Structures are given as structure tokens and as C-alpha cells.
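Below you'll find the structure, written out as C-alpha cells, and then a few comments.
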Amino acid sequence: MSRYLSSRHAGLEPYVPGEQPKDKERYVKLNTNESPFPPSPKAVAAAAEAAKKMHLYSDPKSAVLNEKLASVYGIRAEEVASFNGSDEILSLAMSAFCDAEHPAYFPDITYSFYKTIAAMNCVPFYEIPLRPDFSIDVDDYIGLKGMIIIANPNAPTGILLPLCDVEKILRGNPDDVVILDEAYIDFGGQSALPLMKEYDNLLIARTFSKSRSMAGARIGFAMGSAPLIADLNTMRGSFNPYNVNSMTAAAAVGALEDEEYTRNACRQVIEVREDFTKELRSLGFELNDSKANFVLARHPKIPGGKLFQILHDDGFLVRHFDAPRLTDYNRISIGSRHQMELLVAELKKILEAYPNEKS
Ligand SMILES: *Cc1c(COP(=O)(O)O)cnc(C)c1O
């Protein structure tokens, strides 16, 4: 730390992303929930075309992209805005809608970035414990007097909160913003989008990183009532007016013109996830039904950190979280069928070799 850093940032602990090794090809990389599929060829072609004009600034409003999103999702263009990844939405929303009187509320086990951005924005926050089975108790989220953030499906649990429960939370907090982080909604969940008409406190955060195979392009979008979106645009214009670069905006439009490609990719991920879940259970792993492109699993015989280490040594990257309630588990991204077959074979080998005593 330099002697110049503001004291308000002295305790800041940045988000710890999953490992991105330089020699990625050497690993079966299942640690950051990336798509095993490349982006749509239409996205790649559109980005290449847009690159020819990179001497010009991008459109600060991302108008073409927003109109395309509005038509794909059946809403008005004023009800959507685009961002440099959905992480940017979450951070700007925290800054816009929270202060000392309006803290942020989110589950104790969820996307750890929420805590990071609360600290960054000097916003007080409360972590609401999930039930022992990692499900959300909706009664804990009624009348909170602050902004609520729910990842749905939740990460890293993969558990989906049903729409009727989402609605109870929206109805139970009419004077506060409720953010639904739907990063993984395309893998079998039901979006809160139909509730937008009725609830002007609903803000949906979406990303192209997972289901649309564009994590490296950095593009997310927010959907909500026009006044909420206007507030986010004020924040965006005050923070980084050209937040979406022209290659990425073009790529996103290209991807949206190829929705069949996305649907097909998601269908394959879901199929592989269901088969992999069965395989894990037959090997004695314990896991919830995931509605995301990852599973969270533990084995009664091997501590989570130990399994992580053995897999790592053998060239398999998964994610282990050093949090008290998660230490027994590993989060495993759903890769290609071939990658998951390699992993199952590896897990069989590890389990056969592992001592029967829990060490
Ligand atoms: C991956 C992820 C995001 C971030 O998405 P980006 O658009 O890549 O910034 C947001 N929320 C959750 C829960 C995620 O897992």
C-alpha cells in the first residue's frame, strides 16, 4: 500500500477471480463457469467488421444493441441499458441505490463480488444466512429497508429460487430496489422478466459471459422500469460514458441475431450437467440439483481443499472456496461432454486411491 491511498480504501480486499493460467491448454479448465463453446460465428464476424472503425468512439448509449435487446426480450428500449460486464451493473447499482440509511442485503453464500463492491462503494451490507440446505428463506427478505441482491440461480450453489418466491420479495420491499442477478438464468431457470410490468423496484442484471460464450468481450445488460434504467444511465455516464466498446457492442448484436446458436449451446450444457450430476452421485458425491452451468459437490471421504489440490496437480481446474460453510465443497463448471468424461475418470481414480480413513 502506498502512503497516498485514501484511508477509506485501506481495508479493501479485491475480488479473487478463478485462476487463469497462461498455459490453459494444459488443463481441463472447469473453474470460472466459462462456456465450453466458442461464440457464435455471427458475433465474431460482427466484431471483426466493427474493429475497422475503432478510431471512432463507440456510441455512449449503445443504442443499436439496446434496441436489439429490447426486441429480443419484448420490452421498450428505455427499459434496458448495456454495461461493461454485469459486474459493472452491480457496482453502479450499489453506488446509486445504497447509502448509510439503505444498506445492501444478500445471502451469506453467494457471488462474493457483492461484498467487494459494497466495500468499494463504502456501503454497509448484511449477509443473510441461507438455510442449512443452502436454500433461501423468503421470510428473511421481507421489509428490509435497503437494496436486496439475489443471484438466481444462486452461485455457487446453483439453486434456483422459484418465481413465486421472487415475487414475494419484490412485493415485500416496495420502496427498495431488488436486483435479480440472472447470470445463469438461461441454463434452466425462469426469468423474473414477466414481473417487470408489475414491479418498478425490479432490476434484472444479465450477462453475455456465460450462456452466450462471450466472457472475454465484457458485456452485460440491465432490464428494469424506465426510471431505474435512467438512474443507471446517469451513473454510467458519470463513471465511464463509453463503457461498452464498439467491437463488443457489435459482437453482442451478432450474438442476438443467432439466438438458435445460444439455445443449442445451453441445451447441450444442461444435458451434460444432468448426466454429470448422475455420475457424481453414483461416485458418492453429494450435490444439489443445479440450474446453472456448474455444480457444487462434496464427497464424504475427501475434504474439499484436498480434492481441489489433487485435481490441480493432475491438470484439472475447479473452484474451491475457503469459506466456512463451503470448505467441504468444490464448484465444478460444466464443460464439454469430453471434458466431463475425463473428469469422471479422474475422480474414479482419485477415489480408488484415496485412503478410507478421513485424513
Ligand atoms: C459471472 C457472474 C457475473 C459476472 O458477469 P460478467 O458479465 O462477466 O461481469 C455476475 N454475477 C454472477 C452471479 C456471476 O456468476
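When a ligand or atom number is given, it counts from 1 through the structure's own listing order. For this chain, numbers begin at 1 and follow the sequence in order. Just so you know, these numbers come straight off a predicted model, no measurement behind them. Both backbone and side-chain heavy atoms feed into the values below; hydrogens, waters and symmetry mates do not.
Here the protein heavy atom with the shortest distance to atom 7 (O) of ligand 1 is Thr207 OG1, 2.5 Å. Remark: minimum distance from atom 5 (O) of ligand 1 to any protein heavy atom is reached at Ser86 OG, 3.1 Å. From the protein, the heavy atom lying nearest to atom 13 (C) of ligand 1 is Asp181 OD2, 3.4 Å. Atom 15 (O) of ligand 1 has as its closest protein heavy atom Tyr184 OH, 2.5 Å. Regarding atom 9 (O) of ligand 1, its nearest protein heavy-atom neighbour is Arg218 NH2, 2.8 Å. For atom 14 (C) of ligand 1, the nearest protein heavy atom (residue, atom name, distance) is Lys210 NZ, 3.1 Å.
Residue Tyr111 has no nitrogen or oxygen atom sitting less than 3.5 Å from a nitrogen or oxygen atom of ligand 1, judged on distance alone. In terms of polar-atom proximity, defined here as any N/O pair under 3.5 Å, Asp87 does make such a contact with ligand 1.
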Could you walk me through whether Asn31 and Lys29 pass side chain to side chain donor-acceptor pair (under 3.5 Å), step by step?
CA-CA 6 Å; Asn31 66 335; Lys29 190 174 176 304; 2.9 Å; yes

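Under the 30°/60° scheme for interplanar angles, the aromatic rings of His320 and Phe308 are found to be tilted.
Gly220 does not count as a contact of ligand 1, since none of its heavy atoms falls under 4.0 Å from the ligand.
Between the side chains of Arg206 and Tyr73, at least one donor N or O sits under 3.5 Å from an acceptor N or O.
Annotation: His9, atom NE2; neighbour count of heavy atoms from other residues, nucleotides and ligands within 6.0 Å is above 12. By the 6.0 Å contact criterion, OH on Tyr126 is open, its count of non-hydrogen atoms from other residues, nucleotides or ligands being 12 or less.
For Arg212 and Phe208, the positive end sits near the middle of the six-membered ring, less than 6.0 Å away and at most 45° from its axis.
Residue Ser209 holds the heavy atom nearest to atom 8 (O) of ligand 1 of all those in Ser209, Gly85, Ala205.
One finds the CZ atom of Phe134 at 8.5 Å from the CG atom of Asp108 (value rounded to the nearest 0.5 Å).
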